[in-house]
Amino acid sequence: MTTKKYYAVFKGREIGIFTSWAACEEQIKGFSGALYKSFKTREEAEAALGLTDRALLFQVEPKEVNLWKTQNKILPANEFIINSVCVDASCIGNPGEVEYRGMHTATRKIIFHKRPMANGTNNLGEFLAIVHALAYLKNQGSHLPIYSDSETAILWVENKKVRTKLVKRDSNKEIFDLVERGLKWLENNEYTNPILKWNTAYWGEIPADFGRK
RNA sequence: ACAU
DNA sequence: TAATGT
Ligand SMILES: [Mn+2]
Ligand SMILES: [Mn+2]
């Protein structure tokens, strides 16, 4: 008897888990740069795609592992870690109404979304998005890397310090309170997730983008 | 100049 | 076109 296999497709026409070789092949045959792997159980396949909190127990292709361990924040053109979380912020006016969200890069599943906050800046939103991802992933026991397109926000997270010029007002108390909470979280928690620069020029808009530009 |  | 940031 042949054992059923589960195919995790990382790069292909469609991203996801397929339960037959035929279905998998449809996604990867003739697809340049296709990346996939078979697993014995659905759980392993889901974990490999980063859909569960045991992702690291089933780490995937050597190529991906090497990329994972790189210290470089900007990887070579057309090489990014699809088994990752990406974040982005968007605002209507700057300063203005700021929201942010995080998404699993491979599947485009939205994993968190902060509703708009009044009178914030783009950079505060980008900062909060990264910190939210760090806290979320730590709670999940996940070491997945985090992509942001914001040089400013990445720096602020690394420094555990924001250098916003925005003046505190009654109207932006919510976002400043959240920033304060984020900074406290960074002070009081360790994290293992690499924070990587999304290279928009090579790869196009970060998948978490709100599509308003 | 670079990144949003 | 204008603002947020290094
Ligand atoms: Mn952005
Ligand atoms: Mn965006």
Side-chain angles (χ1 to χ4, degrees), chain A residues 50 67-137 144-187 189 191-213:
Chain A
L67 291 172
W68 189 285
K69 289 180 175 168
T70 187
Q71 293 304 106
N72 301 329
K73 285 183 191 155
I74 297 185
L75 298 167
N78 302 319
E79 298 279 1
F80 63 86
I81 303 168
I82 198 156
N83 190 14
S84 61
V85 165
C86 58
V87 300
D88 197 27
S90 180
C91 51
I92 299 173
N94 189 20
E97 296 266 313
V98 180
E99 64 188 307
Y100 66 78
R101 67 183 180 182
M103 178 182 285
H104 184 247
T105 308
T107 60
R108 312 232 159 173
K109 180 183 175 173
I110 295 169
I111 54 182
F112 57 82
H113 176 209
K114 177 65 189 76
R115 287 193 307 243
M117 294 167 284
N119 191 27
T121 66
N122 60 337
N123 294 323
L124 289 176
E126 300 271 20
F127 167 81
L128 289 171
I130 297 173
V131 178
H132 194 124
L134 286 170
Y136 172 85
L137 291 171
L144 287 188
I146 298 163
Y147 277 110
S148 165
D149 63 22
S150 171
E151 288 182 347
T152 299
I154 291 171
L155 200 62
W156 287 0
V157 171
E158 287 171 350
N159 293 344
K160 305 184 196 289
K161 176 93 187 168
V162 297
R163 298 220 320 180
T164 185
K165 291 160 186 162
L166 186 66
V167 177
K168 284 191 193 183
R169 301 181 170 331
D170 289 352
S171 66
N172 53 33
K173 184 175 193 309
E174 185 187 7
I175 195 166
F176 269 112
D177 283 354
L178 205 51
V179 167
E180 185 175 343
R181 181 174 155 192
L183 290 169
K184 281 208 174 89
W185 189 92
L186 290 172
E187 285 301 328
N189 290 273
Y191 59 86
T192 56
N193 314 76
I195 299 171
L196 307 175
K197 176 67 175 70
W198 180 265
N199 195 331
T200 305
Y202 283 130
W203 307 329
E205 282 285 359
I206 195 166
D209 179 55
F210 287 78
R212 289 171 177 162
K213 297 187 310 297

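All chains are named by letter (A, B, ...) in the order of the sequence lines, taking the proteins before the strands, and each is independently numbered beginning at 1.
Ion pair A:Lys114/A:Glu174 flagged as a salt bridge, since at least one NZ, NE, NH1 or NH2 atom sits closer than 4.0 Å to an Asp/Glu carboxylate oxygen. Taking 4.0 Å as the cut-off between side-chain N and carboxylate O, A:Glu180 and A:Lys168 do not count as a salt-bridged pair.
At the phosphate of B:rA3, neither OP1 nor OP2 sits under 4.0 Å from any side-chain N or O atom of A:Thr200.
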Pair A:Leu128-A:Val179, side chain to side chain contact (heavy atoms under 4.5 Å, CB included): steps then yes or no: CA-CA 7 Å; A:Leu128 289 171; A:Val179 167; 3.9 Å; yes
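Distance A:Tyr147 OH to B:rA3 C1': 16 Å, rounded to the nearest Å. Computed from coordinates, the A:Glu126 CD to B:rC2 P distance equals 19 Å when rounded to whole Å. Rounding to whole angstrom units, NZ of residue A:Lys213 and C1' of B:rU4 are separated by 8 Å. Taking atom CG of residue A:Leu128 and atom P of nucleotide B:rU4, one finds them 18 Å apart after rounding to whole Å. Summarising the geometry, the separation between CH2 on A:Trp198 and P on B:rU4 is reported as 11 Å, rounded to the nearest angstrom.
Contact of A:Asp149 with B:rU4 (side chain to base): no donor-acceptor pair of N or O atoms is detected under 3.5 Å.
Taking the six-membered ring for Trp and thresholds of 30 and 60 degrees, A:His132 and A:Phe112 have nearly parallel ring planes, at less than 30 degrees apart. A:Tyr191 and A:Trp185 have parallel rings, their planes meeting at less than 30° on a 0 to 90° scale where 60° marks the start of perpendicular.
Residue contacts shown for A:Asn123 include a base, since a base heavy atom lies under 4.0 Å away.
No donor-acceptor pair closer than 3.5 Å links the side chain of A:Asn123 to the backbone N or O of A:Ser150.
Taking a heavy-atom distance under 4.0 Å as the criterion, the stretch of DNA chain C touched by chain A extends 5' to 3' from C:dA3 to C:dT6.
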